[in-house]
*Asks:* 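Sharing a structure, written as structure tokens. Questions coming.
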Amino acid sequence: MDIFLDHIAIAVKNLEESVKNFETLGLKFSDEREVVESQKVKTAFAPLDTHAHLELLEPTSEESTIAKFIEKKGEGIHHFCLRVKDVKKTQAELEAKGMKLIYDEPFIGAGNCLVNFIHPKSMNGCLVEISQKLED
Ligand code: ZN
């Protein structure tokens, strides 16, 4: 398949408490915590299946879009992410079809991935991330 589910991201107020909470389901989170400066979030990942992960996102600043999301809607599912082969190419194809992307250019997200987001207005109200794994 050219496209598959990479992760589902949940906005949380307290990362470590949320890790413990989701581990009650039997999920095992990596000990690594990555701060994505551009998004002002701290992340924790747990594998769900062969490709997909659960990602917990805690804002590191009140300016973070995740902080604003929690303020407006409370904690909960923030976006899901599809892994694609080439983010720039996918973005160009989507834009050619009239879809709106949040950022003009893809940027480096968590886990050394090149990412962008499709605007919820173009995706039935869902914030959808597209992501391409860069070579480490
Ligand atoms: Zn994501």
Side-chain angles (χ1 to χ4, degrees):
M1 276 237 290
D2 283 346
I3 186 164
F4 55 79
L5 180 66
D6 186 83
H7 62 268
I8 297 167
I10 299 175
V12 302
K13 290 178 184 166
N14 183 309
L15 195 65
E16 297 313 321
E17 278 178 18
S18 308
V19 163
K20 283 197 200 100
N21 190 34
F22 279 93
E23 281 187 335
T24 60
L25 292 170
L27 296 173
K28 286 273 173 287
F29 280 81
S30 160
D31 292 333
E32 249 177 73
R33 301 288 181 259
E34 187 178 349
V35 174
V36 183
E37 288 297 344
S38 63
Q39 301 293 294
K40 298 188 175 67
V41 290
K42 188 158 73 167
T43 65
F45 284 90
L48 290 171
D49 65 22
T50 47
H51 293 301
H53 289 72
L54 191 69
E55 176 183 28
L56 302 179
L57 294 169
E58 179 195 271
T60 56
S61 152
E62 283 173 17
E63 297 304 304
S64 165
T65 56
I66 296 301
K68 288 171 186 158
F69 175 88
I70 292 171
E71 201 177 299
K72 258 170 75 180
K73 300 184 176 172
E75 295 180 301
I77 293 179
H78 180 260
H79 65 269
F80 68 90
C81 175
L82 298 173
R83 175 71 61 88
V84 299
K85 285 214 162 68
D86 184 330
V87 163
K88 279 188 179 166
K89 187 164 161 264
T90 302
Q91 174 168 350
E93 288 166 359
L94 294 171
E95 285 172 341
K97 290 174 185 159
M99 294 195 178
K100 285 223 172 315
L101 281 285
I102 303 269
Y103 299 94
D104 290 339
E105 294 288 334
F107 60 93
I108 305 290
N112 198 30
C113 288
L114 194 61
V115 307
N116 203 338
F117 289 86
I118 308 169
H119 197 285
K121 278 186 184 149
S122 297
M123 280 287 137
N124 298 83
C126 299
L127 181 60
V128 180
E129 182 179 6
I130 50 174
S131 168
Q132 167 191 354
K133 183 83 179 140
L134 299 173
E135 298 309 319
D136 288 316

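Residues: numbered from 1 along the sequence shown.
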*Asks:* With rounding to the nearest 0.5 angstrom, report the OG to CD distance, Ser64 to Glu37.
*Replies:* 11.0 Å

*Asks:* Tell me if the centroids of the rings in His79 and Phe117 come within less than 6.0 Å of each other.
*Replies:* yes

*Asks:* Do His78 and Glu55 have side-chain N/O donor and acceptor atoms under 3.5 Å apart?
*Replies:* no

*Asks:* Which class fits the ring pair His51 and Phe4: parallel under 30°, tilted 30 to 60°, perpendicular over 60°?
*Replies:* parallel

*Asks:* Of all heavy-atom pairs between Arg83 and Gln132, which one has the smallest distance, and what is that distance?
*Replies:* CD-CA, 4.2 Å

*Asks:* If two hydrophobic side chains count as joined below 4.5 Å and joins carry through other members, does Val41 share a cluster with Tyr103?
*Replies:* no

*Asks:* Is any side-chain heavy atom of Lys100 closer than 4.5 Å to a side-chain heavy atom of Ile118?
*Replies:* no

*Asks:* Flag the pair Glu129 / His7 as yes when at least one side-chain heavy-atom distance between them is below 4.5 Å, and no otherwise.
*Replies:* yes

*Asks:* So which of Ile70, Ile66, Val12 actually passes side-chain contact (heavy atoms from CB on, under 4.5 Å) with Glu58?
*Replies:* Val12

*Asks:* After noting the C-alpha distance and the side-chain angles of Lys72 and Lys68, does the key distance pass the side chain to side chain contact (heavy atoms under 4.5 Å, CB included) rule?
*Replies:* CA-CA 6 Å; Lys72 258 170 75 180; Lys68 288 171 186 158; 5.8 Å; no

*Asks:* Do Lys85 and Asp2 have side chains that approach each other closer than 4.5 Å (heavy atoms only, starting at C-beta)?
*Replies:* yes

*Asks:* May I have the step-by-step check of side chain to side chain contact (heavy atoms under 4.5 Å, CB included) for Leu48 and Leu27, ending in yes or no?
*Replies:* CA-CA 7 Å; Leu48 290 171; Leu27 296 173; 3.7 Å; yes

*Asks:* Using 0.5 Å steps for rounding, measure from the CG atom of Asn112 to the CD atom of Glu34.
*Replies:* 8.5 Å

*Asks:* Nearest 0.5 Å please: distance from the CG atom of Leu54 over to the CZ atom of Phe22.
*Replies:* 5.5 Å

*Asks:* If two hydrophobic side chains count as joined below 4.5 Å and joins carry through other members, does Leu5 share a cluster with Leu56?
*Replies:* yes

*Asks:* Is there a continuous path of hydrophobic side-chain contacts, each under 4.5 Å between heavy atoms, that joins Leu25 to Leu57?
*Replies:* no

*Asks:* Let's go through Ile108 and Leu134 carefully: what are the C-alpha distance in whole Å and the side-chain angles of both, what is the deciding distance for side chain to side chain contact (heavy atoms under 4.5 Å, CB included) to 0.1 Å, and is it a yes or a no?
*Replies:* CA-CA 9 Å; Ile108 305 290; Leu134 299 173; 3.3 Å; yes

*Asks:* How about Phe107 and Leu114: do any of their side-chain heavy atoms sit closer than 4.5 Å?
*Replies:* no

*Asks:* Nearest 0.5 Å, what's the CG-CE distance between Leu82 and Met123?
*Replies:* 8.5 Å

*Asks:* Measure across Ala67 and Glu62 and return the closest heavy-atom pair with its distance rounded to 0.1 Å.
*Replies:* CB-O, 3.7 Å

